[in-house]
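Just so we're on the same page: letters track the sequence lines, and every chain starts at 1.
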Protein chains: 2
Amino acid sequence: MTEHEEIVLFSKALQDENRLQILEMLQSGEKCACKLLENLCIEQSTLSHHMKILCKCGLVHWKKVGKWMHYSINNEGTKRAMILFQKLTHVLNPLQPTSSPTKSFTTCGCEKQERPLL
Amino acid sequence: MTEHEEIVLFSKALQDENRLQILEMLQSGEKCACKLLENLCIEQSTLSHHMKILCKCGLVHWKKVGKWMHYSINNEGTKRAMILFQKLTHVLNPLQPTSSPTKSFTTCGCEKQERPLL
DNA sequence: CCAACATATTGATGAATGTCAATATGAAAT
DNA sequence: ATTTCATATTGACATTCATCAATATGTTGG
């Protein structure tokens with residue numbers, strides 16, 4: 001899986017309000033599905049679907065205890081997501097647009113970009 | 001806008017492979033739409049659509065220069081996304097499941113959770 | 001074994017999303 | 001003014017997604 005594909009997985013997991021509420025509930029520690037369900041306005045099958053998405057991307061850890069499923073935030077996963085996002089958006093030694101005249105362009109100017117003298 | 005709604009906006013922006021490629025291109029500095037388009041396998045109207053999404057959520061900054069539109073990564077936006085994600089997933093003083101017997105449950109055990117003695 | 005309970009899976013449905021072609025807008029050059 | 005070029009908007013279409021009801025799986029207790 002490429003890094004972009006990983007970011008896409010994480011992002012899809014975080015784009016739903018119910019899943020964000022689930023993550024927030026897990027901040028205070030491990031919870032079973034029934035407890036999560038109590039605090040959400042969705043059906044059981046929908047919760048199961050959300051948990052699958054949260055687990056599959058690595059943000060949430062799961063553990064079967066008897067007939068209950070216990071979920072908790074997976075710190076490895078959240079760290080990984082953070083690192084990938086940082087890597088994607090951190091601007092490093094950016095090319096600067098040359099201070100062009102304010103009038104009369106014939107090109108967009110991207111070709112004229114130059115590295116700053118560090 | 002709630003913090004969750006902000007996270008949803010950021011996440012939706014990051015869930016598309018083409019938009020991730022665009023962000024990666026912007027890492028090396030400001031680019032005009034035409035340069036971005038050269039390196040993507042999408043039509044111009046689709047690029048315009050993607051840029052709207054990236055700008056609207058705050059991850060990308062835009063600047064009109066003559067007839068060209070110049071885009072760059074908005075560090076305020078990326079910082080904000082990072083902070084919100086960290087806030088959402090950071091486990092603070094979590095409740096611990098009590099070390100329960102391995103057999104014979106009648107409840108999921110969530111009620112028995114207790115704070116660790118710090 | 002059987003009943004009760006917790007969770008997962010399946011199938012259907014409506015809403016959201018990415019894409020393109022066509023068209024519109026807006027700015028610079030002639 | 002008119003043409004040309006860069007970008008934005010619109011409308012249509014296929015795909016993906018969240019949701020629920022119904023059903024299946026799997027575990028515990030009787």
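- With values rounded to the nearest 0.5 angstrom, Cys41(A) atom SG is found 11.0 Å from Glu17(A) atom CD.
- Within residues 5-14 of chain B, no residue approaches DNA chain D, by heavy-atom distance under 4.0 Å.
- Going from atom CH2 of Trp62(A) over to atom C1' of dA8(C) covers 14 Å, rounded to whole Å.
- As a whole-Å value, the separation of Glu17(A) CD from dA16(C) C1' is 16 Å.
- To the nearest angstrom, C1' of dC5(D) lies 4 Å from NZ of Lys67(B).
- Closest approach of Ile7(B) and Leu14(A) over heavy atoms only: CG2-O, 4.1 Å.
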task = Apply the test side chain to side chain contact (heavy atoms under 4.5 Å, CB included) to residues Asn18(A) and Leu47(A): give CA-CA distance (whole Å), side-chain angles for both, the deciding distance (0.1 Å), then the verdict.
result = CA-CA 9 Å; Asn18(A) 283 313; Leu47(A) 174 64; over 6 Å; no
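- Rounded to a whole Å, the CE atom of Met69(A) is 16 Å from the P atom of dT25(D).
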message = Does Leu26(A) form a side chain to side chain contact (heavy atoms under 4.5 Å, CB included) with Val91(B)? I'd like the steps, not just the answer.
response = CA-CA 8 Å; Leu26(A) 294 181; Val91(B) 180; over 6 Å; no
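- A distance of 12.0 Å separates CZ in Arg19(B) from CG in Leu40(B), rounded to the nearest 0.5 Å.
- The CH2 atom of Trp62(B) lies 10.5 Å from the CE atom of Met51(B); values are rounded to the nearest 0.5 Å.
- Nearest heavy atom pair, residue Gln27(A) against residue Leu88(B), reads NE2-O, 2.8 Å.
- The distance from atom CG of Asp16(A) to atom P of dC17(D) is 12 Å, rounded to the nearest whole Å.
- In this structure, Gln15(A) places its CD atom 12 Å from P of dA16(C), rounding to the nearest Å.
- Taking atom CD1 of residue Ile22(B) and atom C1' of nucleotide dG18(C), one finds them 12 Å apart after rounding to whole Å.
- Within residues 34-54 of chain A, the residues that have a heavy atom under 4.0 Å from DNA chain C are, in order of number, Cys34(A), Gln44(A), Ser45(A), Ser48(A), Lys52(A).
- Checked against His70(A) for a side chain to side chain donor-acceptor pair (under 3.5 Å), the options Lys31(A), Lys64(A), Lys63(A), Glu30(A) give a single hit: Glu30(A).
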